[in-house]
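Report on one structure; see the data block that follows.
Convention: sequence-line order gives letters A, B, ...; per-chain numbering from 1. Worth saying up front: this structure is predicted, and the values here are computed from it rather than measured.
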Amino acid sequence: MRPFATFEERLSDWTTNAMKSVFGLEDAEVNLGVAPTNNEKFGDYQCNAAMTLTKLLKKAPRQIAQEFVDAAELPEFVEKIEIAGPGFINFHLSNAALAEYIQSLENDPSLGTARVGEGKTVVIDYSGPNVAKPMHIGHIRSTVIGNAIDRLYRFLGYDVIADNHLGDWGTQFGLMMIGYREFRDEEALKTAPVEELERVYVASYNKSKDDVSWRESAKAELVKLQQGDPENRALWEQFIELSIKEFDVIYDRLGVKFDLYRGESFYNDRLPKIIERLEAKGLAKESEGALIVDLEEYGMPICIVRKSDGGYNYATTDLATVEARVEEFAPERVIYVTDERQQLHFKQFFKTSELLGLNANLVHVWFGLMRLPEATFSTREGNVIKLAALLDEAEARALEMVESSSPDMPEEQQKDLAKAIGIGAIKYTDLSQNPQSLVTFTWEKALNMEGNSAPYLQYAYARISSVHDKYRAQYPDTDLNECSLNIEHEIERRLAIKLSRFPAAVRAAAENYRPNIMADYLYDLAQIYSSFYQNVPFLKAPEGERESRIRLCRSTAATLKQGLELLGIETRERI
RNA sequence: GCUCUGGUAGCUCAGCUGGAUAGAGCAACGGACUUCUAAUCCGUAGGUCACAGGUUCGAAUCCUGUCCAGAGCGCCA
């Protein structure tokens with residue numbers, strides 16, 4: 001159970017109520033709560049209400065602050081209150097309250113985080129690679145960011161349904177079918193099936209460019225597939241099976257698990273009905289032979305829901321998917337994680353969904369496209385880097401480091417460690433920056449293992465584990481839970497304050513769909529810990545102080561481990 | 001042309017729902033391994049937060065315009 005509300009929550013409640021009663025503000029729509037200070041010398045939390053209330057109360061900010069301080073009775077966890085600058089009200093928490101809070105977290109698996117999602121379902125749609133194409137480095141962001149959001153929401157108590165909306169339907173399958181029959185290499189199909197399928201597709205596509213009859217037969221095969229021709233259907237199913245099998249290898253390496261693999265094709269049967277609903281609502285109309293939804297009055301271009309050849313497209317499938325998800329899961333929200341190019345599409349389809357009355361809270365989380373330093377990469381340019389190759393390289397580089405720094409470690413353990421470090425480094429690179437910024441891929445950056453990187457965090461964790469184990473070996477009979485946790489040294493205080501802010505980091509990361517908030521938090525925490533580690537003794541400290549510090553270390557380890565887990569990054573006790 | 005993003009230290013990036021002196025990492029320079037794991041720590045140096053206006057007690061953060069870069073804009077997904 002969560003033992004306490006966080007200090008920020010308690011203090012905000014307190015200042016809000018106290019402000020209201022001191023100044024008789026009942027329904028004032030101003031923020032009267034507190035925020036963390038950005039500099040320790042200003043205390044731990046600050047309230048800026050005195051400045052914002054100047055107009056309303058027609059008094060000088062410092063006067064407001066002074067009146068407030070004079071009238072209010074401090075909560076017991078606040079040691080000191082000060083007025084500073086133009087009218088900031090700064091709060092210093094008492095060390096005793098801080099110590100008590102940290103101790104209470106030791107029995108709380110959620111580390112003080114409120115389970116705000118309890119009883120709510122959220123569908124997260126991410127990764128979504130295309131069948132018959134190998135995953136390349138462009139797929140890593142949706143997968144890794146989507147998975148972190150998935151983990152964050154689960155941690156908040158939401159019932160998460162992670163759905164991998166595979167691109168398993170579309171015009172490319174006509175070319176695939178005939179290409180497969182003509183160009184396939186059985187040997188290659190056995191060793192690297194999806195790569196071979198892609199090669200087949202590219203060959204078929206190239207041939208279609210100046211071969212009319214090839215194009216015609218591709219179209220005919222597609223129609224056969226769509227009409228349920230058993231032979232084409234079986235082939236198509238085989239493509240999907242092979243692809244999923246290979247994707248799963250990657251997902252397994254990345255520690256990503258989906259609850260559902262429902263490709264676009266899953267919703268095929270619903271498409272005609274969606275069109276009917278659109279027509280019944282008077283939303284769809286004919287234009288140049290196609291059926292469209294006119295979104296001009298919402299400032300958007302038209303949205304095609306049925307092509308002039310009678311086929312359906314992306315928007316239609318997405319509407320049907322929402323309809324199905326609402327019926328089956330009644331989600332509180334549906335989160336889509338894709339790259340930036342699809343922003344307009346999602347805006348259009350969200351609006352159409354709303355007009356249609358599908359009654360779903362839809363969120364598009366988009367991230368910047370990954371580029372190479374020279375150019376955008378693309379299959380046609382032939383400059384793609386396969387995801388599997390990236391992961392291999394990461395593990396290989398990590399293994400080199402492990403071998404040189406821990407030559408005595410058994411080989412199996414070295415490999416296991418290299419996997420955790422290599423994959424962690426890759427993930428962290430993506431998760432530690434704002435998803436919406438442009439990303440230029442460089443090996444150096446992707447595999448960074450120093451400074452602000454996953455290995456830095458993993459290293460901090462391993463050092464704590466090591467200290468803790470040494471403590472246990474030296475003092476096997478001491479029950480740490482019987483020893484008091486005291487906060488005395490300044491660095492201990494900084495660490496404790498940081499630990500107490502874990503729940504805020506989780507909430508902010510989840511609510512803003514920004515795992516980098518969590519990554520930032522963990523990096524800060526690890527930095528404070530590293531400084532702590534380097535500057536004060538633990539095992540050599542006098543009794544009492546020693547036990548207290550070990551307990552603080554233990555809490556730090558628990559927080560680091562949990563936080564990294566929320567990012568999908570593994571920890572090891574030894575590095 | 002229209003729409004959406006971004007522009008912060010030499011490089012890569014945080015910070016952006018307005019708060020006090022703009023932060024990290026890398027690179028550079030100087031220090032710390034007989035001591036709990038140096039993948040670390042301590043320090044020095046590095047900035048017109050693209051530019052110009054505006055809003056306000058207060059702007060890197062909000063608004064407008066300009067410049068630069070990326071993406072999207074009817075039958076791909």
Test side-chain contact (heavy atoms from CB on, under 4.5 Å) applied to A:Leu431 and A:Ile145, step by step: CA-CA 6 Å; A:Leu431 293 171; A:Ile145 294 170; 4.1 Å; yes
Pair A:Arg262-A:Asp163, salt bridge (Lys or Arg N to Asp or Glu O under 4.0 Å): steps then yes or no: CA-CA 7 Å; A:Arg262 285 188 184 163; A:Asp163 190 1; 5.6 Å; no
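Comparing the C1' positions of B:A27 and B:U44 gives a spacing of 15 Å, expressed to the nearest Å. Using C1' as the reference atom, B:A22 and B:A9 are 11 Å apart when rounded to the nearest Å. The separation of B:A50 from B:G7, taken at their P atoms, amounts to 7 Å, rounded to a whole angstrom. The separation of B:G58 from B:C2, taken at their C1' atoms, amounts to 36 Å, rounded to a whole angstrom. B:A45 and B:C29 have their C1' atoms separated by 8 Å, with the value rounded to a whole Å. Spacing between B:G25 and B:U40 at atom P, rounded to whole Å, works out to 10 Å. Across B:U8 and B:G70, the matching P atoms stand 15 Å from one another, rounded to whole Å. With both ends at atom C1', the span from B:G47 to B:G15 equals 15 Å, rounded to whole Å.
For the pair A:Lys347 NZ and B:C2 C1', the computed distance is 12 Å after rounding to whole Å. For the pair A:Ile83 CD1 and B:C57 P, the interatomic distance rounds to 20 Å; values are reported in whole Å. Nucleotide B:U37 holds its P atom 18 Å from the CE atom of A:Met401, rounded to whole Å. Distance CD1 (A:Ile421) to P (B:U37): 16 Å, rounded to an integer number of Å. The distance from atom CE of A:Met409 to atom C1' of B:U37 is 10 Å, rounded to the nearest whole Å. Distance A:Ile64 CD1 to B:C57 P: 13 Å, rounded to the nearest Å. Atom CG in A:Leu56 sits roughly 15 Å away from atom C1' in B:C57 (whole-Å rounding). Rounding to whole angstrom units, OH of residue A:Tyr456 and C1' of B:A39 are separated by 10 Å.
Looking at heavy-atom distances under 4.0 Å, A:Asn90 makes contact with a base. Within 4.0 Å (heavy atoms only), A:Asn38 reaches sugar-phosphate atoms of the nucleic acid but no base atom. Contact annotation for A:Gln348: no contact, since no heavy-atom pair falls under 4.0 Å across all strands. Among the atoms of the strands shown, base atoms are found under 4.0 Å from some heavy atom of A:Ala84. Within the 4.0 angstrom heavy-atom criterion, base atoms lie near A:Val402.
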Footprint string (nucleotides 7-17 of chain B, 5' to 3'): B base within contact, S backbone only, - free, heavy atoms under 4.0 Å: -----SSSS--
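Ranking B:A71, B:G25, B:A20 by closeness to the A:Tyr523 side chain, first place goes to B:G25. Distances from the side chain of A:Ala462 to the nucleotides B:U37, B:C41, B:A71 place B:U37 closest. Of all nucleotides listed (B:A39, B:C41, B:G19), B:C41 comes nearest to the side chain of A:Ser530. Among the nucleotides B:G72, B:A39, B:G19, the one closest to the side chain of A:Pro455 is B:A39.
Residues passing the salt bridge (Lys or Arg N to Asp or Glu O under 4.0 Å) test with A:Glu492, sequence neighbours excluded: A:Arg549.
Residue order along RNA chain B, read from the 5' end via each residue's closest nucleotide, puts A:Pro86 first among A:Pro86 and A:Ile292.
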Dot-bracket summary - RNA chain B, pairs being Watson-Crick or G-U whose distances fall under 3.5 Å, with | when paired to another strand: (((((((..((((.....[...)))).(((((.......))))).....(((((..]....))))))))))))....
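Between the side chain of A:Asn434 and the backbone N or O of A:Asn516, no donor-acceptor pair lies under 3.5 Å. A donor-acceptor pair under 3.5 Å is absent between the side-chain atoms of A:Ser204 and the main chain of A:Tyr201, judged by distance alone. Judged by distance alone, the side chain of A:Thr442 and the main-chain N or O of A:Lys445 form a donor-acceptor pair under 3.5 Å.
Atom CD in A:Glu340 sits 10.5 Å away from atom CD in A:Gln342 (nearest 0.5 Å). With rounding to the nearest 0.5 angstrom, the CD atom of A:Gln348 is 12.0 Å from the CD atom of A:Gln343. Rounding to the nearest 0.5 Å gives a distance of 7.5 Å between CE of A:Met300 and NZ of A:Lys347.
Under a cutoff of 6.0 Å and an axis angle of 45°, A:Arg551 and A:Tyr471 do not form a cation-pi pair. A:Tyr475 carries A:Arg546 over the face of its six-membered ring, with the cationic atom under 6.0 Å from the centre and within 45° of the normal.
Each side chain to side chain donor-acceptor pair (under 3.5 Å) pair with one or both residues in residues 294-312 of chain A, not counting sequence neighbours, appears once here: A:Lys285-A:Asp294.
When all heavy atoms are compared, the tightest approach of A:Leu390 to A:Ile137 is CD2-CG2, 3.7 Å. What you find for A:Leu539 and A:Ile550 is that their closest heavy atoms are CD2-CD1, 4.1 Å. Taking each heavy atom of A:Ser432 and A:Ala519 in turn, the nearest pair found is CA-CB, 3.8 Å.
Within the 4.0 Å cut-off from OP1 or OP2 of B:U40, not a single side-chain nitrogen or oxygen of A:Ser531 is found.
In summary, the aromatic rings of A:Phe349 and A:Phe346 are positioned with their centroids under 6.0 Å apart.
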Quick one: which protein N/O atoms are closer than 3.5 Å to N/O atoms of nucleotides 33-36 of chain B? Pair and distance per line, please.
from: B:U35; atom 1: O2'; to: A:Lys540; atom 2: NZ; distance (Å): 2.2
from: B:C36; atom 1: O3'; to: A:Lys470; atom 2: NZ; distance (Å): 3.2
from: B:C36; atom 1: O2; to: A:Phe538; atom 2: N; distance (Å): 3.2
from: B:C36; atom 1: O2; to: A:Leu539; atom 2: N; distance (Å): 3.0
from: B:C36; atom 1: N3; to: A:Phe538; atom 2: N; distance (Å): 3.3
from: B:C36; atom 1: N4; to: A:Tyr533; atom 2: O; distance (Å): 2.3
from: B:C36; atom 1: N4; to: A:Val536; atom 2: O; distance (Å): 2.7

Sort me out a list of protein N/O and nucleotides 75-77 of chain B N/O pairs below 3.5 Å, or just none if empty.
from: B:C75; atom 1: O2; to: A:Ser308; atom 2: N; distance (Å): 2.8
from: B:C75; atom 1: O2; to: A:Ser308; atom 2: OG; distance (Å): 3.4
from: B:C75; atom 1: N3; to: A:Ser308; atom 2: OG; distance (Å): 3.3
from: B:C75; atom 1: N4; to: A:Glu288; atom 2: O; distance (Å): 2.8
from: B:A77; atom 1: O3'; to: A:Glu264; atom 2: OE1; distance (Å): 3.3
from: B:A77; atom 1: O3'; to: A:Glu264; atom 2: OE2; distance (Å): 2.3

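Residue A:Phe42 and nucleotide B:A20 are classified as a stacked aromatic pair, their ring centres being separated by less than 5.5 Å at an interplanar angle below 30°.
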